[in-house]
Amino acid sequence: MKLSKIAVFTSGGDSPGMNAALRAVVRAARYYGIEVEGIYRGYEGMIDDDFVPLDERSVARIVDKGGTIIKSARSVAFKTKEGRQKAFDNLKKHQIDALIGIGGDGTFRGLHAFNLEFGMPVIGLPGTIDNDIVGSDYTIGFDTASNTAIEAIDKIRDTATSHNRLFLIEVMGRDAGFIALRSAIASGAKAVMLPETHTEPSELLAKIKQSGLNKRKTSNIVIVSEGNKNGNASELAEELKSMDDSFDIKVTVLGHIQRGGKPSAYDRLLASRLGVGAIEALRQGQNDIMVGVRNEKLAYTPLEKATKEHHRLQDEMLHLIEILSI
Ligand code: ADP
């Protein structure tokens, strides 16, 4: 395929490491003599013609920055045929030969639809803290977000231990429990409530009582993924209190701190590999795929597959919680 100029954008929920991915895409393109346009605000900017030429210097000093310097957005208009037509007209106007989108499964659905409709070559890079993308063991931002959660949980642990309290800590993850499971294991939580599995509040209560707040165990921390089937952490707390009012239950919602901050070494490296991988995949003529890592190697997955299937939690990890929380 002709590859004189590409466009790159970040879209959907932002994640730490998106800047490092952007930098890698731009630098790899420039390395191979390809011109680059950045598109502000994802699909919104594509429709509004909000483009900016980027060269290797435009992406200096961003490898360590959270967020995304070209901004992200959600776009209702891009879900319509007219919106996508406008976006395509703008890409043609800027003589774009291929498009690279950094985002989650929504972003990939948009890329795939766009490729089918207009034949524009597209590549997706998994940028989301949720780690919920099939075809990559890790997504850009997940490592940083879970480290942030763990750091916060460790701090709550100190105060929980001093007061004999039960803490319900809500972490992000509406449809996927990767942050919850990882941070629960790494912080030594008593239990984890996940969107993928169902634990009745009564079972949770029994588990907490069994080790006994009144025995030697002096603190209990339960990690609650926001999308778990019992509702959010506050709702779960109410339910537990209604069953047994002897507990002093405290709820902490970690919220958007999980989205921000400097990307970890792992995320910077992952983003750098995937960014370079995207340009090299285009040069090999690959199209309509996502670049990810599996078993520590670059791996290419059709975008359609990446959007249709669910990234499953490893059973072995679920098993760990059972054993380690006695
Ligand atoms: P994420 O990429 O983080 O999953 P979203 O689900 O919000 O975030 O998706 C980002 C954007 O991708 C949406 O705002 C929309 O513009 C676009 N998009 C999502 N699904 C489709 C689709 N089926 N067709 C076209 N565009 C889509």
Side-chain angles (χ1 to χ4, degrees), residues 7-19 21-22 25 39-50 66-68 70-91 99-136 138-145 171-179 195 225-227 255-256 258-260 263 267 270-271 274-275 278 288-292 301-311:
V8 57
F9 66 99
T10 50
S11 162
D14 62 304
S15 70
M18 278 185 162
N19 279 325
L22 173 71
V25 165
I39 304 169
Y40 282 110
R41 297 178 293 113
Y43 293 120
E44 279 294 276
M46 210 180 292
I47 293 169
D48 297 345
D49 196 12
D50 202 356
T68 158
I70 51 172
K71 315 270 185 203
S72 188
R74 297 202 154 89
S75 171
V76 175
F78 195 78
K79 289 191 169 177
T80 66
K81 174 86 200 206
E82 303 79 66
R84 292 194 296 273
Q85 181 68 52
K86 266 194 186 166
F88 181 70
D89 292 344
N90 286 330
L91 291 173
L99 188 58
I100 297 177
I102 307 166
D105 60 340
T107 301
F108 293 171
R109 268 191 288 279
L111 280 176
H112 179 63
F114 203 58
N115 176 256
L116 280 185
E117 263 173 354
F118 299 102
M120 168 67 64
V122 296
I123 299 258
L125 297 186
T128 161
I129 62 168
D130 292 334
N131 207 36
D132 58 347
I133 307 284
V134 156
S136 196
Y138 295 105
T139 57
I140 299 163
F142 167 64
D143 185 66
T144 307
V171 299
M172 280 185 166
R174 271 200 204 95
D175 307 307
F178 286 92
I179 295 178
S225 195
E226 61 182 336
H256 280 77
Q258 296 160 92
R259 281 271 182 85
D267 275 330
L270 178 66
L274 299 188
D288 201 15
I289 53 139
M290 176 195 85
V291 187
T301 306
L303 279 174
E304 193 173 17
K305 182 177 160 85
T307 56
K308 287 216 167 120
E309 294 176 19
H310 288 288
H311 190 192

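The figures here come from the full heavy-atom set of this structure, side chains too, leaving out hydrogens, waters and symmetry mates. Counting starts at 1 for both ligands and their atoms, following the listed order.
The closest side-chain donor-acceptor pair between Asp288 and His112 falls under 3.5 angstrom.
At least one side-chain heavy atom of Ile133 sits under 4.5 Å from a side-chain heavy atom of Asp105. The shortest side-chain heavy-atom distance between Phe9 and Thr107 falls under the 4.5 Å cut-off. Inter-residue side-chain proximity for Ile129 and Ser15 is flagged as met; some heavy-atom pair is nearer than 4.5 Å.
Ring geometry for Phe142 versus Phe178: interplanar angle over 60°, hence perpendicular rather than tilted (30 to 60°). Under the 30°/60° scheme for interplanar angles, the aromatic rings of Tyr43 and Phe78 are found to lie parallel.
Atom 8 (O) of ligand 1 has as its closest protein heavy atom Gly12 CA, 3.4 Å. Of all protein heavy atoms, the one lying nearest to atom 2 (O) of ligand 1 is Thr107 OG1, 2.5 Å. Looking at atom 24 (N) of ligand 1, its nearest protein heavy atom turns out to be Gly110 CA, 4.1 Å. Here the heavy atom of the protein found nearest to atom 3 (O) of ligand 1 is Gly13 N, 3.2 Å. The nearest heavy-atom contact from the protein to atom 7 (O) of ligand 1 is Arg74 NE, 2.5 Å.
Looking at Glu226, its side chain does come within 3.5 Å of a backbone N or O of Gly173 through a donor-acceptor pair.
Selection from Gly104, Gly83, Ser75 by nearest heavy atom to atom 15 (C) of ligand 1 gives Ser75. Among Pro126, Ser11, Gly106, the residue whose heavy atom sits closest to atom 9 (O) of ligand 1 is Gly106.
In terms of polar-atom proximity, Arg84 is not counted as a contact of ligand 1, lacking any N or O under 3.5 Å from an N or O of the ligand. Remark: ligand 1 and Tyr43 share no N or O pair separated by less than 3.5 Å (distance only, no angle test). Between Ala73 and ligand 1, no pair of N/O atoms sits closer than 3.5 Å.
Lys71 has no carboxylate O lying under 4.0 Å from a charged side-chain N of Asp50, or vice versa, which leaves the two without a salt bridge.
Short contacts between ligand 1 and Arg109, defined as distances under 4.0 Å to a heavy atom of the residue, involve ligand atoms 20 (N), 21 (C), 22 (C), 23 (N).
In this structure, Thr128 has no heavy atom closer than 4.0 Å to ligand 1.
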